[in-house]
Amino acid sequence: MTAFARSERAALADALLAAGPDAPTLCEGWATRDLAAHLVLREHRPDAAAGIMLKAAAGHTRKVQDGLAAGDYPALVERVRRGPLLLRPFDEAMNVTEFFVHLEDVRRAAPGWTPRDLPPSYAQVLAARAKTTARLSARRFPARVEVSGPGVEPFTVNPKREPAVRVSGAPGELVLFFSGRQSVAEVSVTGPDDLAEKLRGARLGI
């Protein structure tokens with residue numbers, strides 16, 4: 001069993017503390033305190049977490065998240081760092097992609113960022129997650145999406161659609177791209193100009 005989620009959790013908590021409570025993130029409308037509150041809500045408030053995915057419950061989720069964000073910031077980040085004891089056996093399955101993406105949400109919102117040099121074993125895990133993420137987030141895109149990159153076994157989303165757009169990049173960059181962070185993901189997108197531009201600006205994300 002790998003422990004990348006655990007190390008990313010620690011790195012994310014460190015980045016949140018270093019940035020302070022009011023730093024920007026790549027999550028539209030969220031400062032770092034809002035992102036930290038989202039992470040705590042997701043893991044510690046199942047009564048409110050449903051609103052992350054369900055519009056009908058979004059109002060309650062927003063109210064709880066705003067309350068968490070208004071509290072003591074170092075204490076909030078410490079809750080992110082510790083995580084819930086009961087969910088630790090499931091940390092890797094639940095959070096390896098979540099924490100990678102949100103760490104980059106903090107890092108890449110600041111000037112002067114550079115991509116991290118990830119261990120090959122971690123890149124391999126992210127390559128598998130990129131495939132799952134792409135197939136979910138781009139399933140409604142009106143063209144075939146062919147995905148490849150170093151350490152990525154080529155795969156296709158919407159194989160029966162024409163024409164094709166090709167996306168190539170390292171595993172982590174592909175995860176970011178198909179998680180809706182196209183503007184900061186270091187990938188190449190080729191194909192018909194209109195479709196390539198459409199994919200770069202599409203509302204992707206699960």
Determine whether a donor-acceptor pair (N or O, by modelled atom type, separation under 3.5 Å) exists between the side chain of [X] and the backbone of [Y].
X      : Y      : answer
Asp34  : Ala69  : no
Thr97  : Arg129 : no
Arg108 : Val184 : yes
Arg161 : Phe141 : yes
Thr25  : Cys27  : yes

Going from [atom1] on [X] to [atom2] on [Y], what distance comes out if it is rounded to the nearest 0.5 angstrom?
X      : Y      : atom1 : atom2 : answer
Arg9   : Glu98  : CZ    : CD    : 10.0 Å
Asn95  : His102 : CG    : NE2   : 9.5 Å
Asp105 : Thr32  : CG    : OG1   : 11.5 Å
Asp194 : Glu197 : CG    : CD    : 9.5 Å
Leu26  : Arg107 : CG    : CZ    : 10.5 Å
Leu68  : Lys63  : CG    : NZ    : 12.5 Å

Side chains of [X] and [Y]: closer than 4.5 Å at any heavy-atom pair?
X      : Y      : result
Val165 : Thr190 : no
Arg140 : Asn158 : no
Phe177 : Thr133 : no
Leu39  : Leu12  : yes
Asp91  : Phe99  : yes
Thr156 : Val145 : no
Phe155 : Glu146 : no
Val167 : Phe178 : yes

Neighbour count >12 (heavy atoms, 6.0 Å) for atom CG, Asp72:
yes
Are [X] and [Y] within salt-bridge range, i.e. N to O under 4.0 Å?
X      : Y      : answer
Lys131 : Glu153 : no
Arg81  : Glu78  : yes
Arg144 : Glu162 : yes
Arg6   : Glu8   : no
Arg116 : Glu104 : yes

What are the two closest heavy atoms between [X] and [Y], and how far apart are they?
X      : Y      : answer
Val106 : Ala19  : CG1-CB, 4.3 Å
Glu173 : Glu186 : OE1-N, 2.8 Å
Val77  : Ala13  : CG1-O, 3.5 Å
Gly169 : Pro150 : O-CD, 3.7 Å
Ala164 : Pro192 : O-CD, 3.4 Å
Ala130 : Leu174 : CB-CB, 4.0 Å

Name the orientation class of the two ring planes belonging to Tyr122 and Phe4 (parallel below 30°, tilted from 30 to 60°, perpendicular beyond 60°).
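Tyr122 vs Phe4 ring planes: parallel.
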Side chain to side chain contact (heavy atoms under 4.5 Å, CB included) with Pro171: of Leu126, Val125, Leu118, only one passes, and it is Leu126
Salt bridge (Lys or Arg N to Asp or Glu O under 4.0 Å) involving Arg33 - partner list, sequence neighbours excluded
Asp22
